[in-house]
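The structure appears below as structure tokens.
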Amino acid sequence: MGIIYKRGKIWYVDVRAGGRRIRKRVGTSRKIAELALKDAEVKIARDEFGFAQQDASFDKFLNQFLEYSEANHSAATFNRYRAVIDHFQRYLENKPEIVFLSQVGTREIDEYKVFRKGEWVNPNGDPVDSEEDVTDHTRKGARANTINFEIGTLRTIFNMAIKWNYLKENPTKDVVRLKVNDSKAPRFLTKKECQKLLEHSPDHLRPILFTFLYTGMRKAELENLEWADIDFRRRKMKIRCKEFWHPKTGEREIPMSQGVYDLFKQLRQENEKGTKSNFIFPDKNGGKIRTKLREQLIRVAQKAKIKDLTKLHSLRHTFASHLVMSGVDLPTVQKLMGHSDIQTTMIYAHLAPDHLAEAVDRLEF
């Protein structure tokens, strides 16, 4: 049913399943290659590959998934999938016996969590190339939140394998999420810092930062915001799906404060006299904005002497944090932020201890 063979110093497994030929690079060990072949033959004989009419090597499936993602998802979503797949393939380099997609089970996913906890990583969770690259900014192990996110992403990827008839069940289904006790509180600006940020912003950037602070929009949501999304009569803006872009967590409406309403009225008048762009914040030619907003934010923060402001997402945290501190309930904040899971919104719960105490005090029987 199958053979092993050697090319140079590398052993390969060659089997047929479902009428198709599958070859897989195993490594330099003949013994491991023999074990991989026996495991593959047993699974084929017992029809335990998890395929209905198809078969796939792990690498083949991942390449197919990335092709699908690139065609169907936004660039940011595709990059997130690709990053998680890169992490998982790096883990599989130590598991040469895994040839087929169906060989990944709950144990392998649990081992992956251990693997990520043992790596030296940069602040963004990406691994360092070698121990020589370890600095004061690197740390041992990805954060629990990061690993949980990666497991959730793998769950989505394996669900696609089931949909494509490659697997019968998802290997992540019985995996327990890591307890989160190493997450950092989100960085948000004080009211004084918000004022300083806007005061030191150049004219072309101030409306953008103002909109981030007063709407809590994601970067991609602001970049793809069009005049057709604005309802001045109802004083609302809609984050909606478009042919060229889809929101991360679906469509939602955001009410416009008086300040945002006045700003957009002014921008619309300027647009009608100028580029007549469909976008609210266009580039100089009227197309989607291409400005490197993060780099500009960092320069403004340095000029305004605001410490630790290096991410546009901090402005989104600022919006949510001040809503909670003003007494807005978490489910409402969840809707305004477009969080698909209330647990994401719960990172702001600690900002409202007085509000929660007042809620309990109002209870009477």
**Prompt:** For Glu223 and Ile289, which heavy atoms make the closest approach, and how far apart are they?
**Reply:** CG-CG2, 3.7 Å

**Message:** If you count heavy atoms of other groups shown closer than 6.0 angstrom to NZ of Lys335, is the number above 12?
**Reply:** no

**Message:** For a quick test of reading the model, state the closest non-hydrogen atom pair linking Ile347 to Pro186 and the distance between them.
**Reply:** CD1-CG, 4.0 Å

**Message:** Hydrophobic clustering (ILVMFWY, side-chain heavy atoms < 4.5 Å, transitive) - are Phe78 and Trp164 grouped together?
**Reply:** yes

**Prompt:** Can any side-chain N or O of Lys9 pair as donor or acceptor with the backbone N or O of Thr28 at less than 3.5 Å?
**Reply:** no

**Request:** Could you check Met346 against Leu330 for side-chain contact (heavy atoms from CB on, under 4.5 Å), going step by step and ending with a plain yes or no?
**Result:** CA-CA 7 Å; Met346 288 298 293; Leu330 292 175; 3.5 Å; yes

**Message:** Under the side chain to side chain donor-acceptor pair (under 3.5 Å) definition, can you give me all pairs with a residue in residues 200-215, not counting sequence neighbours?
**Reply:** Asp203-Arg206, His204-Gln296

**Request:** Determine whether the side chains of Tyr112 and Glu150 contain a donor N or O and an acceptor N or O closer than 3.5 Å.
**Result:** yes

**Message:** Testing the 3.5 Å rule here: is there a donor-acceptor pair between the side chains of Thr275 and Asn271?
**Reply:** yes

**Asked** Do the non-hydrogen side-chain atoms of Trp11 and Leu37 ever get within less than 4.5 Å of each other?
**Response** no

**Asked** When rounded to the nearest 0.5 angstrom, what distance separates CD in Glu119 from CD1 in Ile147?
**Response** 9.0 Å

**Message:** Between Glu70 and Leu66, is there a side-chain heavy-atom distance shorter than 4.5 Å?
**Reply:** no

**Prompt:** Is the shortest heavy-atom distance from the side chain of His313 to the side chain of Lys219 under 4.5 Å?
**Reply:** no

**Request:** Supply the atom-to-atom distance Met237 CE to Ile254 CD1, rounded to the nearest 0.5 angstrom.
**Result:** 6.0 Å

**Request:** Say whether, by atom type as modelled, one donor and one acceptor occur between the side chain of Thr172 and the main chain of Val175 under 3.5 angstrom.
**Result:** no

**Pairwise distance CG(Asn224) to CG(Asn278) - rounded to 0.5 angstrom** = 12.0 Å

**Item:** Modelled atom types, side-chain donor and acceptor of Ser69 and His73, under 3.5 Å
**Value:** yes

**Message:** Minimum heavy-atom separation for Leu178 and Ala144, please, with both atom names.
**Reply:** CB-CB, 4.1 Å

**Request:** Under the salt bridge (Lys or Arg N to Asp or Glu O under 4.0 Å) rule, collect the residues that match up with Glu251, sequence neighbours excluded.
**Result:** Lys238

**From Gln195 atom CD to Leu197 atom CG, the distance as rounded to the nearest 0.5 Å** = 11.0 Å

**Request:** Could you check whether the rings of Phe264 and Phe281 sit parallel, tilted or perpendicular, using 30° and 60° as the cut-offs?
**Result:** perpendicular

**Item:** Short side-chain to backbone donor-acceptor contact, Asp283 and Asn285, under 3.5 Å
**Value:** yes

**Other residues, nucleotides, ligands: >12 heavy atoms within 6.0 Å of Lys276 NZ** = yes

**Request:** I would like to know whether Arg316 and Arg218 meet side-chain contact (heavy atoms from CB on, under 4.5 Å); could you show each step before the answer?
**Result:** CA-CA 7 Å; Arg316 180 167 157 83; Arg218 300 179 176 93; 3.2 Å; yes

**Request:** Find out if a path of hydrophobic residues (ILVMFWY) with successive side-chain heavy-atom gaps under 4.5 Å connects Val114 to Ile109.
**Result:** no

**Message:** Please give me the minimum heavy-atom distance between Leu293 and Ile208, naming the atom from each residue.
**Reply:** CD2-CD1, 4.1 Å

**Full working for salt bridge (Lys or Arg N to Asp or Glu O under 4.0 Å) between Glu169 and Lys173** = CA-CA 8 Å; Glu169 61 180 25; Lys173 70 173 186 176; 3.3 Å; yes

**Message:** With a 3.5 Å distance limit and no angle check, can you tell me whether Asn79 reaches the backbone of Ala75 through a side-chain donor-acceptor pair?
**Reply:** yes

**Request:** Evaluate the side-chain proximity of Tyr166 to Phe61: yes if any heavy-atom separation is below 4.5 Å, no if none is.
**Result:** yes

**Message:** Measuring centre to centre across the rings, with the benzene-like ring taken for any Trp, is Phe319 within less than 6.0 Å of Phe212?
**Reply:** no

**Prompt:** Above 12 or not: heavy atoms from other molecules or residues under 6.0 Å from NZ of Lys6?
**Reply:** yes

**Message:** Is a donor from one side chain sitting under 3.5 angstrom from an acceptor on the other, for Asp262 and Gln258?
**Reply:** yes

**Item:** side chain to side chain contact (heavy atoms under 4.5 Å, CB included) partners of Asp229, counting only residues at least two apart
**Value:** Leu225, Glu226, Arg240, Lys242

**Request:** Measure the shortest side-chain to side-chain distance between Met325 and Tyr348 over non-hydrogen atoms and say whether it is less than 4.5 angstrom.
**Result:** no

**Request:** Could you walk me through whether Asp110 and Arg107 pass the salt bridge (Lys or Arg N to Asp or Glu O under 4.0 Å) test, one step at a time?
**Result:** CA-CA 5 Å; Asp110 281 331; Arg107 185 183 67 181; over 6 Å; no

**Asked** Which atom pair, heavy atoms only, marks the closest approach of Leu309 to Ser314?
**Response** CD1-CB, 3.7 Å

**Prompt:** Do you reckon Met217 sits in the same ILVMFWY cluster as Phe188, going by side-chain contacts under 4.5 Å, direct or chained?
**Reply:** no

**Message:** Taking the side chain as everything from C-beta on, heavy atoms only, tell me whether Ile4 gets closer than 4.5 Å to Glu34.
**Reply:** yes

**Prompt:** Any donor-acceptor pair under 3.5 Å linking the side chain of Thr146 with the backbone of Ala142?
**Reply:** no

**Message:** Let me confirm one number: the CG-SG distance from Leu213 to Cys194, rounded to the nearest 0.5 Å.
**Reply:** 5.0 Å

**Asked** Between Thr318 and His322, is any pair of side-chain heavy atoms under 4.5 Å apart?
**Response** yes

**Asked** Less than 4.5 Å apart, any side-chain heavy atom of Phe100 and any of Val15?
**Response** yes

**Phe88 and Phe58: CA distance, side-chain angles, deciding distance, ring pair (Phe, Tyr, Trp, His ring centres under 6.0 Å) verdict** = CA-CA 11 Å; Phe88 198 74; Phe58 201 90; 5.8 Å; yes

**Message:** Treating Glu193 as the side-chain partner and Thr190 as the backbone partner, does any N or O pair qualify as donor plus acceptor under 3.5 Å?
**Reply:** yes

**Message:** What verdict does the side chain to side chain donor-acceptor pair (under 3.5 Å) test give for Thr156 and Thr153, after you've listed the backbone C-alpha separation in whole Å, the side-chain angles of each residue and the deciding distance to 0.1 Å?
**Reply:** CA-CA 5 Å; Thr156 301; Thr153 303; over 6 Å; no

**Request:** Show the numbers, then the answer: is there a side chain to side chain donor-acceptor pair (under 3.5 Å) between Gln89 and Glu93?
**Result:** CA-CA 6 Å; Gln89 286 182 313; Glu93 290 175 0; over 6 Å; no

**Asked** Between Asp329 and Thr332, do the side chains contain an N or O donor and an N or O acceptor separated by less than 3.5 Å?
**Response** yes

**Asked** Taking Thr344 for the side chain and Ser340 for the main chain, is one N or O donor matched with an acceptor at less than 3.5 Å?
**Response** no

**Message:** For Glu97, is there any backbone N or O sitting under 3.5 Å from a side-chain donor or acceptor partner on Gln103?
**Reply:** yes

**Message:** Please check: side-chain N/O of Arg116 versus main-chain N/O of Gly141, any donor-acceptor pairing under 3.5 Å?
**Reply:** no

**Request:** Check the pair Glu221 / Arg252 against salt bridge (Lys or Arg N to Asp or Glu O under 4.0 Å), numbers first and verdict last.
**Result:** CA-CA 11 Å; Glu221 293 172 348; Arg252 73 182 189 281; 2.8 Å; yes

**Leu222 side, atom CG; Phe279 side, atom CZ - distance, nearest 0.5 Å** = 11.5 Å

**Complete:** Smallest heavy-atom separation, Pro247 atom then Gly250 atom, equals CB-O, 3.3 Å

**Prompt:** Is the side chain of Thr249 donor-acceptor paired with the backbone N or O of Gly338 at a distance under 3.5 Å, no angle test?
**Reply:** yes

